[in-house]
Amino acid sequence: STLNDRLVALVAKIGEKISFRRFEKITKNDDEIFGTYKHMGGKIGTVVVLKGANEEVAKDVAMQTAAMNPTALNRSLVPQEVIDRESKVIKEQVMAEGKPEDIAEKMVVGRLNKFYNEVCLEEQAFIKDSGLSVKDYVKNNGGEIISMTRFAVGEGIQKREENFADEVMSQIKNS
């Protein structure tokens with residue numbers, strides 16, 4: 001059956017509207033392995049692809065991805081606009097503390113490294129052994145992280161914020 005057929009059947013069965021908003025096709029080579037993890041009864045799901053590691057290591061990395069919510073696999077995959085925005089915010093905070101600009105620049109570098117440790121899966125402290133980064137844990141077990149995917153129920157749904165007064169004024173102006 002098609003995905004649409006399954007979706008229609010599920011809607012008919014549970015009586016709730018379900019929409020299929022996002023997906024990712026994940027592939028692997030023969031020398032790679034999938035690691036999967038569902039958290040909170042399936043409200044968070046992760047899939048990682050590792051090369052040269054075993055299923056237990058892959059599942060540990062998938063669990064890390066579910067729990068710590070990294071936004072990128074490594075530094076090179078963090079979008080430049082995110083880095084620029086973070087750098088600007090950090091610099092403004094440091095300058096507001098009264099630090100000279102040359103010191104502020106050095107502090108930006110240090111705080112950006114801390115930022116990377118939070119948002120990059122490979123740089124995060126491994127949950128089961130905080131003395132290791134996730135990358136080192138995988139490497140120590142003969143592997144390499146190829147990709148990660150994380151989805152959470154409701155993630156990315158933007159609520160529309162409406163201002164009734166602005167809406168009325170715009171209608172008055174247009175009439």
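We use all heavy atoms of the structure for the numbers below, so side chains are in, but hydrogens, waters and symmetry mates are not. Nothing fancy with the numbering, it's 1 onward along the sequence. Remember, predicted model here, so these are calculated numbers, not experimental data.
Note that CZ of R6 is 13.5 Å distant from CD1 of I18, once rounded to the nearest 0.5 Å. To the nearest 0.5 Å, the span separating CD on E105 from NZ on K99 amounts to 14.5 Å. Atom CD of residue Q124 and atom OH of residue Y137 lie 14.5 Å apart, to the nearest 0.5 angstrom. To the nearest 0.5 Å, atoms CD (E122) and CG (D136) are separated by 9.5 Å. Separation of atoms NZ (K38) and NZ (K43) is listed at 13.5 Å; rounding is to 0.5 Å.
Here the side chains of E86 and V78 are not in contact, with every heavy-atom distance at 4.5 Å or above. Contact check for K17 versus V11: no side-chain heavy atoms found under the 4.5 Å cut-off. For the pair Y116/I83, a side-chain contact is recorded, criterion being any heavy-atom separation below 4.5 Å from C-beta on.
Remark: of the listed residues T46, L121, V49, L121 is the sole one forming a side-chain contact (heavy atoms from CB on, under 4.5 Å) with V61.
The number of heavy-atom neighbours closer than 6.0 Å to CD of Q80, taken from other residues, nucleotides and ligands shown, is above 12. Other residues, nucleotides and ligands place more than 12 heavy atoms under 6.0 Å from the NZ atom of K28.
Transitive grouping of hydrophobic side chains (ILVMFWY, heavy atoms separated by less than 4.5 Å) brings L7 and L3 into a common cluster. Cluster membership for I26 and V138, using ILVMFWY side-chain heavy atoms within less than 4.5 angstrom, is not shared. Under a hydrophobic clustering in which Ile, Leu, Val, Met, Phe, Trp and Tyr are joined whenever their side-chain heavy atoms come within less than 4.5 Å, directly or via other members, V153 and I44 fall into different clusters. V134 and V47 fall into different hydrophobic clusters, where Ile, Leu, Val, Met, Phe, Trp and Tyr side chains are chained together by heavy-atom contacts under 4.5 Å. Under the 4.5 Å side-chain heavy-atom criterion for grouping Ile, Leu, Val, Met, Phe, Trp and Tyr, M107 is not connected to V109 through any hydrophobic cluster.
There is a side-chain donor-acceptor pair under 3.5 Å between N74 and S76. Between the side chains of R150 and T65, no donor-acceptor pair is found at a separation under 3.5 Å.
Between K91 and E101 a salt bridge is recorded (basic side-chain N to carboxylate O distance below 4.0 Å).
Across A125 and S130, no two heavy atoms sit closer than the pair CB-O, 3.9 Å. Nearest approach of I33 to A53, heavy atoms of both residues: CG2-O, 3.7 Å. Between A67 and I127 the shortest heavy-atom distance is CB-CD1, 3.6 Å. Between K59 and Y37 the shortest heavy-atom distance is CE-CD1, 3.9 Å. Here the closest non-hydrogen pair linking G35 and A58 is CA-CB, 3.5 Å. The two residues L73 and I146 have their closest heavy-atom pair at CD2-O, 3.5 Å.
For E32 (side chain) and L50 (main-chain N/O), no donor-acceptor pair under 3.5 Å exists by modelled atom type. One N or O on the side chain of N54 and one on the backbone of E56 form a donor-acceptor pair closer than 3.5 Å. Side chain of Q64 to main chain of F126: no donor-acceptor pair is present (N/O by atom type, distance under 3.5 Å, no hydrogens or angles).
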Working for side-chain contact (heavy atoms from CB on, under 4.5 Å), residues N113 and R75: CA-CA 10 Å; N113 285 330; R75 289 179 186 216; 2.9 Å; yes
